[in-house]
Asker: 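My questions all concern the structure below.
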Amino acid sequence: MLSSFNEWFWQDRFWLPPNVTWTELEDRDGRVYPHPQDLLAALPLALVLLAMRLAFERFIGLPLSRWLGVRDQTRRQVKPNATLEKHFLTEGHRPKEPQLSLLAAQCGLTLWQTQRWFRRRRNQDRPQLTKKFCEASWRFLFYLSSFVGGLSVLYHESWLWAPVMCWDRYPNQTLKPSLYWWYLLELGFYLSLLIRLPFDVKRKACKMVNYMQYQQVCDALFLIFSFVFFYTRLVLFPTQILYTTYYESITNRGPFFGYYFFNGLLMLLQLLHVFWSCLILRMLYSFMKKGQMEKDIRSDVEESDSSEEEAAAQEPLQLKNGAAGGPRPAPTDGPRSRGAGRLTNRHPTAT
């Protein structure tokens, strides 16, 4: 069954231009061509990269984070509460005030105590700064190595500087060993990220400086990143990559399934580029207006308990025996009011 699916999936008409077959791309006379089965080599490579990542984060990333001053915040653990825990896991992490009031009444807590429980419970599920730093440093190391390696591999390729040359004799193009290993390494890396996706922190490598709290350096790097992002994603990508894949790729050959499939993915990527550019522009606007960088809206910021006492002092709502009610206003006259006033001013009452 698997072989039948493999044969159907890799049909010539799906992935090759009209009138071209896989038999024409068989290795012969010392010439090596790319083959679909080459993709299978990316899976064991992904496992190797996963092992390397675990070793890097444990023996290099963690000591490096401590040396650079990255410290985890002390978190206060929540007291076990079956009712609140069930709501947290099944109904949501951020209940509205009416739900909070009902939960507080069920548990015999005040509204402020219930809010604090949910705040601390959310913090428990957030990864610590050192974990974020280790993951970000691994990605930074790989992206830097990939960039340098890719530049050294692709620099002497004529089609890097003139994308239209990608389609010379396409698809009858031999595969160089350096290109093979570079593309295989890239595919293996992203497969390793896919395997780790449920466990990874949603962060980027450029977050490393932010975790170290070097705000000025972080702002400067963000400005450089913004310029590079706008130029490469909004100028180079559509004018060079999309143009050559949509128009120049079918100058001498008709379109086929692979043409529509891959160009559709590239167009989706361009839409994401536009969306991310809008987010970056919002942050740049805030920086120019306020003089400081606005936090990344994708960031999962840990909630602090530093203002709990203030919140408790200002809370007008107390819940007792399942009934909600605020403190009643004291009478403005009468002996009880005058006695309370003297006690407030620390004057003892006369006997």
Asker: Under 4.0 Å between a Lys/Arg side-chain N and an Asp/Glu carboxylate O for Arg31 and Asp27?
Answerer: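 Answer for the salt bridge query: no.
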Asker: Ring centroids only, cut at 6.0 angstrom: are Tyr155 and Trp161 within range, meaning strictly under it?
Answerer: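 Yes: the rings meet the under 6.0 Å criterion.
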Asker: Could you give the distance from CG (Leu242) to OH (Tyr246), rounded to the nearest 0.5 Å?
Answerer: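 So the gap between those two atoms works out to 6.5 Å.
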Asker: Start with the C-alpha gap between Leu54 and Leu50, add the side-chain angles, then the distance that decides, and say whether side-chain contact (heavy atoms from CB on, under 4.5 Å) holds.
Answerer: CA-CA 6 Å; Leu54 293 176; Leu50 278 176; 5.6 Å; no
Asker: Are Trp159 and Asp168 packed together at the side-chain level, in the sense that at least one heavy-atom pair is separated by less than 4.5 angstrom?
Answerer: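 Heavy-atom side-chain distance check fails, nothing below 4.5 Å.
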Asker: Taking the ring of Trp15 and the ring of Phe256, is the distance between their centroids below 6.0 Å?
Answerer: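 Centroid separation for Phe256 and Trp15: 6.0 Å or greater.
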Asker: Using side-chain heavy atoms (C-beta onward) and a distance below 4.5 Å, is Leu234 in contact with Phe229?
Answerer: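 Answer no - side chains too far apart.
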Asker: Is it the case that over 12 heavy atoms from other parts of the model lie below 6.0 angstrom from the CH2 atom of Trp181?
Answerer: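 No, not enclosed.
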Asker: Around atom CZ of Arg71, are there more than 12 heavy atoms of other residues, nucleotides or ligands at under 6.0 Å?
Answerer: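 Yes, CZ of Arg71 has more than 12 neighbouring heavy atoms, counting only those of other groups under 6.0 Å.
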Asker: For Glu26, is the CD atom crowded, meaning more than 12 foreign heavy atoms sit under 6.0 Å from it?
Answerer: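 Result for CD/Glu26: enclosed.
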Asker: What I'd like to find out is whether the side chain of Leu281 reaches to under 4.5 Å of the side chain of Tyr285, using heavy atoms alone.
Answerer: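 Counting from C-beta outward, Leu281 and Tyr285 never come under 4.5 Å.
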Asker: Got Trp117 and Asn81 here, is their nearest side-chain heavy-atom distance under 4.5 Å?
Answerer: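 Sidechains of Asn81 and Trp117: in contact.
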Asker: Does any donor atom in the side chain of Asp72 or Thr130 lie under 3.5 Å from an acceptor atom in the other side chain?
Answerer: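 Side chains of Asp72 and Thr130: pair found under 3.5 Å.
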Asker: Decide if atom OH of Tyr231 counts as having more than 12 heavy atoms of other residues, nucleotides or ligands within a radius under 6.0 Å.
Answerer: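 Open.
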Asker: Do the side chain of Asn263 and the main chain of Tyr259 share a donor and acceptor less than 3.5 angstrom apart?
Answerer: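 A pair under 3.5 Å: yes.
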Asker: Can you list the steps and then say if Glu135 with Arg139 is a salt bridge (charged side-chain N to carboxylate O under 4.0 Å, His left out)?
Answerer: CA-CA 6 Å; Glu135 292 185 7; Arg139 295 195 184 195; 5.4 Å; no
Asker: Salt bridge check, Glu57 against Arg53: does any charged N sit closer than 4.0 Å to a carboxylate O?
Answerer: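 So Arg53 pairs with Glu57 through a salt bridge.
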Asker: In terms of the angle between their ring planes, are Phe261 and Phe257 parallel, tilted or perpendicular, with boundaries placed at 30° and 60°?
Answerer: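 Ring orientation of Phe261 relative to Phe257: parallel.
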Asker: Would you tell me whether Asn123 and Arg126 have side-chain atoms, one donor and one acceptor, within less than 3.5 Å of each other?
Answerer: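 On atom types as modelled, these side chains qualify, holding a pair under 3.5 Å.
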Asker: Around atom OH of Tyr180, are there more than 12 heavy atoms from other residues, nucleotides or ligands closer than 6.0 Å?
Answerer: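 More than 12 within 6.0 Å, yes.
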Asker: Is the Lys NZ or Arg CZ of Arg116 less than 6.0 Å from the centre of Trp112's six-membered ring, within 45° of the axis?
Answerer: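 Yes.
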Asker: Apply side-chain contact (heavy atoms from CB on, under 4.5 Å) to Leu45 and Leu191, showing your working.
Answerer: CA-CA 9 Å; Leu45 183 58; Leu191 276 178; over 6 Å; no
Asker: So with a 6.0 Å cut-off around CD of Gln216, is the heavy-atom count from everything else above 12?
Answerer: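 No.
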Asker: Between atom CG of Leu64 and atom OG of Ser137, what is the distance when rounded to the nearest 0.5 Å?
Answerer: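 Output value for this atom pair is 6.5 Å.
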Asker: Run through Asn252, Thr251, Thr244 and flag the one making a side-chain hydrogen bond (donor to acceptor under 3.5 Å, both in side chains) with Trp167.
Answerer: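 Of Asn252, Thr251, Thr244, side-chain hydrogen bond (donor to acceptor under 3.5 Å, both in side chains) with Trp167 is met by Thr244 alone.
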Asker: Using 4.0 Å as the upper bound for N to carboxylate O, is an ion pair formed by Glu157 and Lys176?
Answerer: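 Salt bridge flag = yes for Glu157 with Lys176.
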Asker: Centroid-to-centroid, His93 to Phe118, below 6.0 Å?
Answerer: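 No, ring centres 6.0 Å or more apart.
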Asker: Any idea how Trp10 and Trp22 line up, ring-wise: parallel (<30°), tilted (30 to 60°), or perpendicular (>60°)?
Answerer: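 Trp10 vs Trp22 ring planes: perpendicular.
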Asker: I want to check something: taking the side chain as every heavy atom from C-beta on, are Phe189 and Tyr143 in contact at a cut-off of under 4.5 Å?
Answerer: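 In short, these two side chains touch, coming nearer than 4.5 Å.
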Asker: Quick one, Leu103 with Thr83, criterion side-chain contact (heavy atoms from CB on, under 4.5 Å). Give me CA distance, side-chain angles, the key distance, then yes/no.
Answerer: CA-CA 8 Å; Leu103 290 170; Thr83 301; 4.1 Å; yes
